[in-house]
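All remarks here apply to the structure that follows.
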Amino acid sequence: MSDILSRHRQLCELLTEYGHQYYVLDNPTVPDAEYDRLMRELIALEAEHPELKTPASPSVRVGGQPLSAFSQVRHEIPMLSLDNVFSDEELQAFEQRMRDRLKRELNFTFCCEPKLDGLAVSLLYVDGQLVQAATRGDGTTGEEITDNVRTIKAIPLVLRGSGWPARLEVRGEVFMPKAGFEAMNAKALAAGEKVFVNPRNAAAGSLRQLDSRITASRPLSFYAYGVGVGGDELGNSHFARLTQLNAWGLPLSPEVKLKEGAAGCQAFHDDILARRGELPYEIDGVVYKVDDIALQQELGFVARAPRWATAHKFPAEEEMTLLENVEFQV
Ligand code: NAD
């Protein structure tokens, strides 16, 4: 038992430190695949020994503490993470778990979306005007980044059309398209400046700047993937909500599709994985969400993630490489 305790402590310490470097400092020190491996080991250990699981465990926490240099925004509805599946079997088990929980033999319709590798943001529109933008932070409290977000041309400052809720919170991912990332790094290299380690890190580092002129100079983009506050006033289909956001001027990935059951999800996954290299932005998997909002509400949440959604992760594309004589930017 002392071996188990000490391995548990070690995993918690490692994951807490790697999480701090990644979420708070935008400066990952290990490859995502390594972080994921350790996290799965921790989750498996805690499943076998539930007494080890505490509210401070990295397995139940979302993201990292907001940086104190920013004002803080308390999320009215928490911004959670996503559980993962890595195989067809795990995908089917995800679907079966939901049926077991709902105690009925349902055929689920899923909204299938690319899992963009950027930074989650919350955008608050009041009477159709963008009034506040925040990072996810630790899920409860995020960083106020309104001025920075206003510089991202893909994000409307004023909604189009009419009929939106008086207070509408749009959630989505700010990301850096591959072409912009490569051009920016090439320019930085030529000028002997620091380069970014990957587009995710570049997007996060560009958005969490104290000087919004720096953010404005970075090639950032945005896709919406959900609604927080104001969702109750929209329809009962997640996909229809996204389509509505799109009609109000918010960018929506053209890849987002409705699919039937785990088999439909698997086909969506295989198609996107085959086209991964051609997509103009980096993705680290796809996300499946039960489309019916009433079922989502019935299924609810566990500590850090909804029960009605999961990410289907792609195999790691690259292990982290450190280039000699190149200083990375954070
Ligand atoms: P996650 O990235 O696995 O999933 C949640 C996030 O997915 C959301 O916050 C959102 O930003 C994003 N997302 C993208 N497309 C989405 C969509 N269509 N719908 C909903 N969300 C979407 O969760 P996480 O807890 O933020 O991060 C965990 C991952 O981060 C790990 O799997 C690991 O790979 C990486 N990580 C790496 C290190 C490291 O040191 N390398 C450290 C911590 C975390």
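First listed ligand is number 1; within each ligand, the first listed atom is number 1. As the structure is a prediction and not an experimental result, all values here were calculated from the model.
Side-chain contact between Thr310 and Val287: absent, with no pair of heavy atoms (C-beta onward) separated by less than 4.5 Å. Counting heavy atoms from C-beta outward, Leu252 and Leu245 have side chains that stay 4.5 Å or more apart.
Of the residues listed (Arg307, Arg99, Arg104), the one engaging Glu298 in a salt bridge (charged side-chain N to carboxylate O under 4.0 Å, His left out) is Arg104, and it is the only one.
Residue contacts with ligand 1, taken as heavy atom pairs separated by less than 4.0 Å, do not involve Glu34 at all. Residue-level proximity to ligand 1 for Arg304 is carried by the side chain, the only part with a heavy atom below 4.0 angstrom. Residue contacts with ligand 1 for Ala309 are absent, since no atom lies close enough (heavy atoms, distance under 4.0 Å).
In this structure, a donor-acceptor pair under 3.5 Å is present between the side chains of Asn236 and Asp292. For the residue pair Glu143 and Ser71, no side-chain donor N or O sits within less than 3.5 Å of a side-chain acceptor on the partner.
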Set out, in order, the CA-CA distance, both residues' side-chain angles and the distance that settles salt bridge (Lys or Arg N to Asp or Glu O under 4.0 Å) for Glu278 and Arg275, then state yes or no.
CA-CA 5 Å; Glu278 296 157 28; Arg275 294 187 293 112; 5.5 Å; no
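Every pair passing salt bridge (Lys or Arg N to Asp or Glu O under 4.0 Å) that includes a residue from residues 158-168 is listed here, sequence neighbours excluded: Glu76-Arg167.
Phe196 does not carry Arg218 over the face of its six-membered ring by the limits of under 6.0 Å from the centre and within 45° of the normal.
Looking at Tyr23, Tyr22, Tyr288, Tyr223, it is Tyr23 that brings a heavy atom closest to atom 28 (C) of ligand 1. Of the candidates Glu17, Lys115, Glu255, Met79, it is Lys115 that places a heavy atom closest to atom 7 (O) of ligand 1.
Short contacts between ligand 1 and Pro114, defined as distances under 4.0 Å to a heavy atom of the residue, involve ligand atoms 15 (N), 18 (N). Atoms of ligand 1 lying under 4.0 Å from at least one heavy atom of Asp36, given by number and element, are 31 (C), 32 (O), 33 (C), 34 (O). In summary, the atoms of ligand 1 found under 4.0 Å from a heavy atom of Glu113, numbered by their order in the structure, are 17 (C), 18 (N), 19 (N). Heavy-atom contacts of Pro31 reach the following atoms of ligand 1: 41 (N) (cutoff under 4.0 Å). Per-residue contacts place Ala120 under 4.0 angstrom from the following atoms of ligand 1 (heavy atoms of the residue considered): 9 (O), 10 (C), 11 (O). If you number the atoms of ligand 1 from 1 as listed, the ones under 4.0 Å from a heavy atom of Tyr18 come out as 40 (O), 42 (C).
No donor-acceptor pair under 3.5 Å is formed between the side chain of Gln72 and the backbone N or O of Thr141.
When the side-chain hydrogen bond (donor to acceptor under 3.5 Å, both in side chains) test is applied to Asp291, the partners found at least two apart in sequence or on another chain are Ser237.
Contact annotation: Lys289 has at least one heavy atom less than 4.0 Å from an atom of ligand 1. Residue-ligand proximity: Arg136 is placed with a non-hydrogen atom under 4.0 Å from ligand 1. Residue contact check for ligand 1: Ser253 places no non-hydrogen atom closer than 4.0 Å to it. Met39 does not count as a contact of ligand 1, since none of its heavy atoms falls under 4.0 Å from the ligand.
The number of heavy atoms from other shown groups lying within 6.0 Å of NZ (Lys257) is above 12.
For ligand 1, one of its N or O atoms has an N or O atom of Val30 under 3.5 Å away. Not a single N or O atom of Pro28, backbone or side chain, sits closer than 3.5 Å to an N or O atom of ligand 1. Checked by distance only, ligand 1 and Asp32 come closer than 3.5 Å through their nitrogen or oxygen atoms. Ligand 1 has an N or O atom lying under 3.5 Å from an N or O atom of Ser81, backbone or side chain.
Under the 30°/60° scheme for interplanar angles, the aromatic rings of His312 and Tyr288 are found to stand perpendicular.
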